[in-house]
Each structure stands twice: as structure tokens, then as C-alpha cells.
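Because only heavy atoms are used, hydrogens play no part in the values below, and waters and symmetry mates are left out as well, while side chains stay in.
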Amino acid sequence: MAPLFIFPRHLQDLEQDHEEEHNRLYIHNPLDLSSLRPSQIEELVKGVSFDLSDKELFCVEEQDVFDRVYSLIKGYTILSRTCKLNLVESLRSNLAVLLPNVDSLSRVSNDEIPVLDRVASHRNAFKIYTFFLIHIVLAEESNTSSNNGSKPQRARILNLIANSLEINLELLFGSSDPDESYLSFITKNAFSMFENATLLKDADAKDALCRIIGACSTKYHYMAQSCASIMHLIHKYDFVVTHIADAVVGAQKKYADASLATSLIRDIGRANPKDYVKDTVGAENVGRFLVELADRLPKLISTNIGILVPHFGGESYKIRNALVGVLGKLIAKAFKDADGEASSKSIRLRTKQAMLEILLERCRDVSAYTRSRVLQVWAELCEEHSISIGLWNEVAEVAAGRLEDKSAMVRKSALNLLIMMLQHNPFGPQLRIVSFEATLDQYKKKLKELDPAVPSEAVTDDLPPVDNFNDNGEVDNLNSETVAKEQTDSITDTCMSQTEDVIPLQNNNLPDVGNLEQTRALVASLEAGLRFSKCIEATMPTLVQLMASSSATDVENTILLLMRCKQFQIDGSEECLRKMLPLVFSQDKSIYEAVENAFHTIYIRKNPVETAKNLLSLATDSNIGDIASLEFIVSALVSKGDISSSTISALWDFFCFNVGGTTAEQSRGALSVLCMVAKSSADVLGSHLQDIIDIGFGRWAKVDPLLARTACLAIQRLSEDDKKKLLANSSIRIFGILQSLITGFGLPGNIWYTATDKAIVAIYAIHPTPETIAADMIKKSVSSVFNDGSGDVQSDNDASSSSIPATVEVAKLSRCLFVISHIAMNQLVYIESCGRKIQKQKLAKEKKEIQNQSIDSNDTASIGTTKDNDINAELGFAASEDAALDALFEKAEKEIVSGGSNDKNLIGICATFVSKLCRNFKLMQKYPDLQASAMLALCRFMIIDADFCNANLQLLFTVVDSAHSEIVRSNCTIALGDLAVRFPNLLEPWTENMYARLKDPCASVRKDAVLVLSHLILNDMMKVKGYINEMAMRLEDEDERISNLAKLFFLELSKKGNNPVYNLLPDILSKLSKQNLSKDSFCNIMQFLIASIKKDRQMEALVEKLCNRFSGVTDVRQWEYIAYCLSQLSFTEKGMKKLIDLFKTYEHVLSEDSVMDHFRNILNKGKKFAKLELKSWIEEFEDKLNKFHVEKKEQEVTTRNAQIHQQKLGSSEGFTVATNSEDRRESNTASEETDGEVVDACTEETTISLNDESKSKVHVSEERSGVTSEKDANPGDTEVESPLVNTRGVRRSRAKKSNMKDRKDLSVPQQRTLRSRR
């Protein structure tokens, strides 16, 4: 019998001579292939192949064959491709033939000795072939250059090994479990191959490895070692997770034995949760493995879930995320089997309910990642229809609450969950509250009829929980399919058309849903739907806030949710969607595209009439900001061709009342949209010029006065060709209409101003000489005011001209001032536009001359012209021409208000009148509307002319400070911004007054001030002065909008250059600490400002700046504020070292507990990121701080006790000195005074001194401060003065000197007292 083959640790171990084991097969004569020629190697391979194929299968046991095969395996990497194939095929084919022979071992003769020898030979050969083939696979893997060619062979070998494990090896090894050394060898190398990601990409090889692992661990019970190896692989390599799961699932299915999966789950459950905190990669891989098992073996995991649940209390959020995913898979898949007994169903139902409760609880997890993952799982369950109606509203309310989560990823998941719940809701395609309430009331009445014993108020209290899933068993004795059908029919009947109002159903129209129980279930379902609708409707304010989020994902998903809400007709969704329109101006391309896509989806229809109706409805219902946004979107859609010509024709039909039932408001909306279209396609208005005039200024303008304003806007938007056509055909008529609109009184007061604004702009846009018609309008306006004596305003200005009547009408005067000032502004704009036209013509002329010169470059005349131009350029004639044009324009602008003589300057006369009118504060206070118009006119005149502005700046700031009307103050604040842009040098000395508007008592004025200053500072039109602390205080404004605007300002400011907030922070800190601010407000302001500083270098510099501020501050409150600011910084390693080095600058403030708390927070944060060396420094520094803090506290207590003791000494000595002086005084006057009243007075004084001594010690120092002040007046009373002076010395020593110095000072009063007594 051949020697036994025992698996060695390594291939080379076969060469070792095991003398103590005589019956062991090992290598006697190994060959070194590297010393052989290729031809010799080839002959050797052929010989081995011949022997293996020609001799018996057991020939590999022969020493010579065994030695030669070993030598070839050892040098396998240097073999040629042909030799490798021959060798592998010989070994593989022999093993493949050997495997069927194992089954024949049971059919051999009964002679025991030959049978045992035959079994031993089979076992030996089986081991040897397996050993050599696996080493060939390992050799191929180590040689990466030949991997591509070895893939088929590798897969065949591994499949053969897997097949060998599936035969009856009990016949070979004598027991159900093979030799442990054999299993150890197989599993060890199989798991090592799992570490090769390239090998696992080969599907056949991977499947073979999975079969090998499954057979060894499950069939042959090699469980403990396999589980340990699997856990090692999962923790170390992320790419093996899916393949290991394949192996585990394959073993369970093939052998109907889940012991491997159960063992792995138990190993994971028994692991210490703290280990997963340290090994984040391993935690993530383990989590993925659990989710894979839950997806493939849900019932198995559900029975073992109790082992994993305790890990919800661990610190690793990745494990918690995985467990949440596992629960989601189990809820969706593990409870679908409806078979089984009632008891097992009840157990499954309780298990499922417990899992759902855990998922609901995990929505409040401390980790944002886990909260987000839970919401994602709920969305998956919703998509798979695994959420019952009874639980539907709880999930919806949780999702609605998470919309206000501080983490953006949680908010995104919550938005996606609500979108999914709307899409898969079981309540119907319409979720209007009115619809549900109407239907619910009817079915409640019907339920009461069916069960009259139940009171109406108790109808819903006794309703069973509704569930549309059979396996939950929440509805007893009721076919849930029938209920769902009846419910759907009912909802379909009660949901009206989207454009129609809801009509309550009558009893005879209600569909019959069946018996009492079915009616109860339907009512419960309707109540659940009503609750769901109200829950979604309640989120609208939050969704509006999310559209203003700085996170683009928040905005995009919020828009998607609102679109879904509109689809299901959620109340308030239409209004919220309109609030997304301003987001079209966002600089974030994704947000702009989201808004544009949403707009296109909601409002642009295939039917052009519907599209036109949607657009004109938007235009009529929108405010000024929304109209600007709508105009931008419409222009973009027209440019892209999304708004077709048929839609434009439909808009004209609405404007011209060609569509039946069109109202004047709809006509105005259509014309407004056409004006928006004209911004991209200017020719669109030219085809209906006459209709614009007839309808816009005709009888329909009396029905809707705003129609005239929109018609003026349309005239203003005409193309140049259309303007010329209008002037040629209807100039007299159109200007007459516009002039009568401006100077007449046909429009209501509130609409007249906006219509006049557009009318004046239209005149300046189309009239060839607008100044002539403007002068006529001014004269008419002035004459309408001052030639009409029926007024109610009596002028208090005695210096007014006698030609002006004493009384005028307020409304007429206000309109007159508006017309004059607005004409003046448009005249300025007109002059500037003329200047631009001249410059443009000049540039075009020069360009044309250059082109002509280049064409005629060979002409001598052109050469002469070129020389002349060059000479003119050298002499500066071109520059002088430009200067002359500029001077001409400046003169024209100046002549608007203050240029020329007063007799000829019409606007100048009016400007002087306005200035005098605004200075009449008594009159302005009496008529606030007039003051608003007058101040607006004054501000416009100031914007036009610098001299007039300089002369009236004092008046403007006086009014903006003292005006009672918030409208006046707001207008003046906005005008200050325009003045600062136009005349920055004039406004620069008034910067402090401009910042003062931030403290206005009215919220609207403060809001305007924040907007104005933000615009000026962010556009570099105003330097950030030393008053920026006023803007910082607006961060805590009581008005939330102002607070948000201030936050936006500082965020934008932090993005400029090198972050100006960094430079401003120390000054803001200094000034805010002196303001009357609450501690919470100060902390919130500084926390926000510090958070805007991102650079580590700036943070480190702030550490030094803030630490140095401690030395210049003596107020405890400021110490605390500075320490708080330090605690809000993001400390780097360098910053922490700097804080430690600057200890001397703040050591004197460490006696305060509040300051010390902030420093402790700093050190706690530093420990989290610090390396070992820095961490030890921080701990040493913390001990130093604590020790210093304790010493400082002890010094304070000692100093306080010493001061109290000194006060006691001073009090007793004062009493002694007073007594001695009275005795001396009594002895000196005894010979002169005989009246006993002196003695009585002395006794009384002594009594008072005794009483004073018995009073509270706290007030002693305060009483003596007055006595000390009398020192100069009584130089002789040294006994009284000396203790008092030293008491003050003790006070100073409390802040500056040590405890020992205090004790030395305390001895001084006693010495001085002794000397004085002597």
C-alpha cells in the first residue's frame, strides 16, 4: 500500500523529510525546471501526461510520478502554454474519472483487505489530484499576465472541485465528515480566492467557489471556521459582500439547511456595537450583507431579527441604517404568505407591527443619515403598497414633520416620501378637502340610517381600522377587496372635474356599498383620506420656506412635490406654486431649469386656448414681483418656441373679446402676456395697433381701469417700425389720449398713478420731441391746481406769491407734483438715451470710415485723409469733440432743474415750490398723503440735479428721521439709495444717518433700509463703515423677513474677495457688547457671523485677535462674550496651539465660571480632531486651566474676606477715634460751658456710632466714601482718614495684587492708627 498523503501547509513542505512518519508521502527527488532547457521541460510534461493517462488512476501515488508532477507544479509559472494545458488536462481528467469510481467502492467484494487498500488508494489519489489542481489555480492567479488565457481552465478546475464535494465522500473518509485537513485546505484556498476581485468577475469560477463554501460549511459541517473566514472577508473587502450572500443563499437552497446563514446572523448580533464604531468600512459591509440576506431570505431573517435589534442602540449609524433597510425588506417580503394557522398569523402580524413601530421610532434617530434612510425605506414600502391605510397618516405626519429637519438629506428624503405617498395614495385621484367632507357627511348619514342605535357623534369612534391588505387581518369579517372596490367607486363619484366646484351628493346618488360593516369600513377609509389631505395641505407654509432654501436639492424636490400636489388638487398648492416664479432668477442653473420645467408642465398645454387661458390668469393674479418673473419665463419659452404662434393668436382673441364670456380683466391679462412676448418678439404687437388703442383706452378701460396702464405698456414695447407706423397713422389721437389720461381725472386715484407712470414713459418712447408735449402737460397740471379755488389746503407760507391762491385741493396738488417729477425723471433718461444714440452713430461713422480706408488703401487721397486723421488724433481734436458732447449733455441735464433763468425753467420753478412746501412741516404733518407726494417729487429732483440735492440733503434727512408717516420714511430711505449711487461724494458724510434707518420703529422702513444698504455695499457703491454693527443687529430683528434679508446680506458679503466679515468681526463684537442686547441675541448674531468664515487661516488669526482683546477689557460681561466667540471658532491644530501659547493674555479672566465653561467647550471640541501628541497637550492645558481657575477663585474668596475684615477694623477704629476726640473736646470746653447739653450731644453721637457699627458690613464702605471726600476740609482728623484710605487700597488690590500683598496692606492701618494715638 502506498504511503499516505497528508496536506502540507505549503507546497514546498512536501520536500521535507518526515523521518518520524515513515508511512507519509513526500518528495524524494525534486527537479529544478529553471535548470532545464525548454525541450527537456516539454519532454518531461509529455512523459508525465503519458503516465497519468496510460497507467491507472492511482499512479500518481507512485514516488516517481509524484515527484515529477510536484516539480512541474512547483515550476508551473515557467511552463509554456501548451505544457500547462497538457498538465492541467491530464490531472483534471484523471480526477473527473476518479469521482464516479468512488460510488463503486460499495459494490466491491467482501474481502476486507482489498477493499481497505482500494479505499486508501482512492482517498490518496483524490487528495493528491485535488491538492495539485488547486495549486495550479493559485499559480495562475499569482501570474497575472496569463490570466486571460487561463479563465476557462480555472473555472473547469473549480467546478470539478465543487463536484467532488457533492459526491458521497463518506465512502472515502469513513465518516459523514471528511478529513479536517482536507476541508481546511479546501476552504482556506477558496476563501483566499474570494479576495481576488478579478477572479470573482468570472461568473463560472465565482459560482464554483460559492458551491465549495456552501458544501464545506453546510454539508460537511465545517461551520465555525467558515463563519470566521466569511466575517473576515466581509469586514475587509467590500466587493465580496454580494458574492458571499450568493454562497450563503445557495447553500440554504441546495441543502435546505439555513445553519450557515443563522450562524452568521448570530455572530453579527453578538458582536460588540462599539467595534462597529471603530471599523466603519466593516460596519458598512456587514450592513450591506444583512440587507442582501433580508432581500433573499426574508423569513429566515425575520425569525432571527431579535438578535439584531439591540444594535439599534449602538453608536454606529451605518449598522442602524442597515437594520432599517432589513426591516423594510422584511415588512415587504416576509409576511406575504397567507397560509398557516390563525395563531401563526397572529404572531406574524404582531411581529410586523413591532417592525413598523421601530421604523416610526427611527425617524427621530440622532443621526441624519439614519433618519434619511428610514424615510427612504418608507418610500420603498409605499411604492410596493406595503403600508396599510391605518398606518398611512402616521407615516405622512412623520414625513411632514421631517420637512423642517436641520439636515438637507433628511428634508430631501421627506419630500421624496411625500411625493411617493401622493402618487400611490389609496384614496383616489382627487384629494380636495371639500370633496372628502361632502362625501363623508353623506356616508355618515347613511351609516346612521343603517345603525340608528349609534349616535352621530359616536359614528367614527367605533369604526374598525381600515386596511387594504388581506394578510394584516385588521378588518374582521370583511372582504377587503370589496371594500376597496366600493371605496374607489365612491371616490370616483365624489371627485368633480378639476375646474368645477364640488357639489354635495344627495342621498339618492350615493352608491350602495353593501352591509353595515362595509359602510363602516368605507367611512373609516374616507376619514383617513380626509386626514391625509389635511396633513398635506398643512405642509404648504413649510414648502414655501423650503423654496427659499440655500440647498438646491430642497428647492428642486419642493417644486416636484408642489407639482404633484397640484395634480391631486391639494388645497393651497396653486398659490404655493406661484411663489416659485421668482426662483427663475436664481444663479443656480438646476433651480432655474426646475422652475422652467415645472412652469412648462403645469401651464403649457397642447391646446393653445388652454395655454393662453392659463397664462392670462397668471398675469391677472400676480403681483409686481411675480409679473417680472413671469415675463422672464415667457420670454425664454418664446425664444425656445414652446409658446407657439397659435397660442399668441389665442391671446389676441382673448384681448379682442373674440372668445365668448371674456371679461375685461381677462382682456387685460392677455394684453399683459402679449407685452411679455414682445420682449422676445417685438413685431408681435404691430398687427393689432388699432385694437390696442380702441380697446385699451376705450370703454373697457372704464370697466377695468388697469387696462389703460397695460395699453401704455404695449405702446412702449412697440418695435421701431411699429412706432413709425403709429406716428404716421394715429399720432394726434394717441397723444391726445395719453395727455388726457395724465391731466384728466377719469381714473381712480390709486390706479391713476401707475397708469400715468406708464403713459409718460410711452410718450417719451414714441414722440419725436417729447419735451414739447411734456411742457404742455406740466402747464395744464399746474393750472388745474392753482386756477381752481375750491380746495381744502390752506397754505401757511406768507412768502408765497399773491398770484397763487391761498387754498388748493390735496388730490390735485399731489397728482401735479407726481406728473412734474416723473416728467423730470423721464427727461433725464431721454437726454441720456440721446447721448447714447449720438455715441453709437459716431462709432458707426468711424467704423465705416475705417472700412472705406481699407477698401481704398491704394488711393493717394485716402492716404492724405488718413494723415489728416492721424494729425487730428495727435492734436486731441477727437478728444475735444467727446468732451464737448459730454459738456453738452451735462448742461442739458442741469437745465432740467436748476439751469437757465427762472422765467424759462418750468421744472425749476416747480422744484423750488416743492422744496418750500416740504419745509412747511406743520402743513405736511396735517396732510400725510400730500407729504408723501411732495417728498417723492423732492427726491426725484434731487436725483436729477447735484446742486439741488446738496441744498436739500439736510431737509431730506430731517424728514426721514421725524416724519410720522412710515410711507414717507420708506420712500425717502429708498431715495437715499438712489442718491448714493448718483452722487456718492455728497452722501458720504451722511453715512451714519443712512445706517440709522436700520433702527426705525417701523418694520417696513427697516426692511427697505436693509435692502438699500445691501444693494449699495454688495455692489461696492458704499464702503462698509464702522456702523455695520447696526446691520448685524438686524439678524435678530423681530420681523422674520428682515432677519432673513440680513442673513442673506452677510452670506453674500462673505463671498466677496477675502471675506470682509472676517475683518469686520472684531469691530462688530466690540460694539455689540456695548449695546443693550440680550445674551441670546448676541450669541445668535456672533454664531451666524463666525459660521460665515470658512478659511482655516482666518480662523487662526481670529484666535489671536480675540485672545488679545481680553487684556483691554475689564467688564465681566465682555469677557464672557469674547470667550463665547472663541468657542464658536473651528479650531485647527495650529489654532489650538496658538490658543495655548496665548494663555497669558486671558489668564486673569479665568476666575469667572461662565468664561471657564466656554474654554472647556473649546478643549472638548479640540480633543475630537486632535492627534495623540496634540491631545496630550490639550489635556495638560486643561489641567492647567482648571488649576488656575481654582486658584483664582480661592484668591477672590481670600480678597473678599480680607476686605470685610478691613471694613470691620475701620469701623471699630472710627468709633475709638470719635470717642477720644469728644473726650478732648469735652475737657477743653469744661471751663467755659456749664450747660449739660454738650454732654448729652456727645452721648448721643456715641450712641449713633455704636448703632452704625452694628449695621450691615456691606454698606460700611459706601458710608465712609462720603467721609473720605471731606479729607481736604478736615486735615487734622488723621485718625478718621487713615483706615478709610486703606480700605480703598484693599479694593484696588482685589483686581491687581496677590493675596500676600493684600495681607501686607492690611497691616498698614494698624500702624498708622498707633502713630496717630501717640
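You'll find the side chain of I301 stays beyond 4.5 Å of the side chain of L290, heavy atoms only. Residues R288 and D238 meet the side-chain proximity criterion, which asks for heavy atoms closer than 4.5 Å. Using a 4.5 Å heavy-atom threshold, the side chains of I305 and M355 count as touching. For the pair L417 and V398, the minimum side-chain heavy-atom distance is 4.5 Å or more. Within the 4.5 Å cutoff, the side chain of I268 has heavy atoms near those of the M231 side chain. Within the 4.5 Å cutoff, the side chain of L293 has heavy atoms near those of the V249 side chain. Annotation: side chain of D246 is in contact with side chain of K206 (closest heavy-atom distance under 4.5 Å). Counting heavy atoms from C-beta outward, L327 and F312 have side chains that approach closer than 4.5 Å.
When the shell of 6.0 Å around NZ of K412 is examined, it contains 12 or fewer heavy atoms from other residues, nucleotides or ligands. Crowding of E315 atom CD: a count of heavy atoms from other residues, nucleotides or ligands under 6.0 Å not exceeding 12. Atom OH of Y369 sits in a sparse spot, with 12 or fewer heavy atoms from other residues, nucleotides or ligands closer than 6.0 Å.
Looking at T351, its side chain does come within 3.5 Å of a backbone N or O of I347 through a donor-acceptor pair. Of the possible polar contacts, none joining the S184 side chain to the S181 backbone as a donor-acceptor pair under 3.5 Å is found. Proximity of a side-chain donor or acceptor of K74 to a complementary backbone N or O of P30 within less than 3.5 Å is not detected. One N or O on the side chain of S93 and one on the backbone of S90 form a donor-acceptor pair closer than 3.5 Å. Remark: side-chain polar atoms of Y220 are paired, donor with acceptor, to backbone N or O of L165 under 3.5 angstrom. A distance-only check finds no donor-acceptor pair linking the side chain of N159 to the backbone of A208 [under 3.5 Å]. Not one N or O on the side chain of D202 forms a donor-acceptor pair closer than 3.5 Å with the backbone of A155.
In summary, the aromatic rings of F5 and F126 are positioned with their centroids too far apart to meet the 6.0 Å limit.
Counted by atom type alone, T262 and R266 present zero donor-acceptor pairs between their side chains at under 3.5 Å. E180 and Y222 are not linked by any side-chain donor-acceptor pair at a separation below 3.5 angstrom, with hydrogens and angles left out of the test. Neither side chain, D365 nor S367, offers a donor N or O lying under 3.5 Å from an acceptor on the other. Side-chain polar atoms of S80 and T82 form no donor-acceptor pair below 3.5 angstrom.
Ion pair R373/E380 flagged as a salt bridge, since at least one NZ, NE, NH1 or NH2 atom sits closer than 4.0 Å to an Asp/Glu carboxylate oxygen.
Nearest heavy atom pair, residue S217 against residue M223, reads O-CE, 3.2 Å. Scanning all heavy atoms of the two residues, the minimum distance from L79 to K84 falls at O-CE, 3.4 Å. Taking all atoms of both residues into account, the shortest heavy-atom contact from R320 to G314 is NH1-O, 2.8 Å. Looking at every heavy atom in both residues, C382 comes nearest to W392 through SG-CH2, 3.5 Å. Nearest approach of I78 to S34, heavy atoms of both residues: CD1-N, 3.9 Å. Residue L403 comes nearest to R411 through the heavy atom pair O-CD, 3.3 Å, listed as atom of the first residue, atom of the second, then distance.
Just one of Y76, F66, Y70 meets the ring pair (Phe, Tyr, Trp, His ring centres under 6.0 Å) condition when paired with F132; it is F66.
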Intermediate values then yes/no, side-chain contact (heavy atoms from CB on, under 4.5 Å), R402 and S413: CA-CA 9 Å; R402 288 298 101 196; S413 299; over 6 Å; no
S346 vs L349, side-chain contact (heavy atoms from CB on, under 4.5 Å): CA-CA, chis, key distance, verdict: CA-CA 5 Å; S346 177; L349 181 60; 5.6 Å; no
Test log, rule side-chain contact (heavy atoms from CB on, under 4.5 Å), inputs I234 and I230: CA-CA 6 Å; I234 291 174; I230 288 173; 3.7 Å; yes
side-chain contact (heavy atoms from CB on, under 4.5 Å) between Q353 and R350, worked out: CA-CA 5 Å; Q353 189 64 32; R350 287 199 299 270; 5.6 Å; no
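Expressed to the nearest 0.5 Å, how far CG of N189 lies from OG of S192 amounts to 4.5 Å. Rounding to the nearest 0.5 Å places CD1 of I136 at 12.0 Å from OG1 of T77. Annotation: the span from I331 atom CD1 to S302 atom OG amounts to 11.5 Å, rounded to 0.5 Å. In this structure, L138 CG and M193 CE are separated by 4.5 Å, a value rounded to the nearest 0.5 Å. From C59, atom SG reaches atom CG of N94 across 6.5 Å, with rounding to the nearest 0.5 Å. Interatomic distance, CG of L359 versus CD of E394, reported as 12.5 Å (0.5 Å rounding).
Among residue pairs with one or both ends in residues 189-217, none qualify as ring-ring contact (aromatic ring centres under 6.0 Å, His included); sequence neighbours excluded. Judged as a ring-ring contact (aromatic ring centres under 6.0 Å, His included), the pairs with a partner in residues 256-295 (not counting sequence neighbours) are, in order, Y276-H311.
The salt bridge (charged side-chain N to carboxylate O under 4.0 Å, His left out) check on E195 picks up nothing, with sequence neighbours excluded. Residues that satisfy the side chain to side chain contact (heavy atoms under 4.5 Å, CB included) test with V240, not counting sequence neighbours, are L200, L233, Y237, I244. Scored by the side chain to side chain contact (heavy atoms under 4.5 Å, CB included) test, K318 finds T280, A283, E284, S316 as partners (sequence neighbours excluded). Taking the side chain to side chain donor-acceptor pair (under 3.5 Å) definition, one finds that D204 meets it with nothing, sequence neighbours left out.
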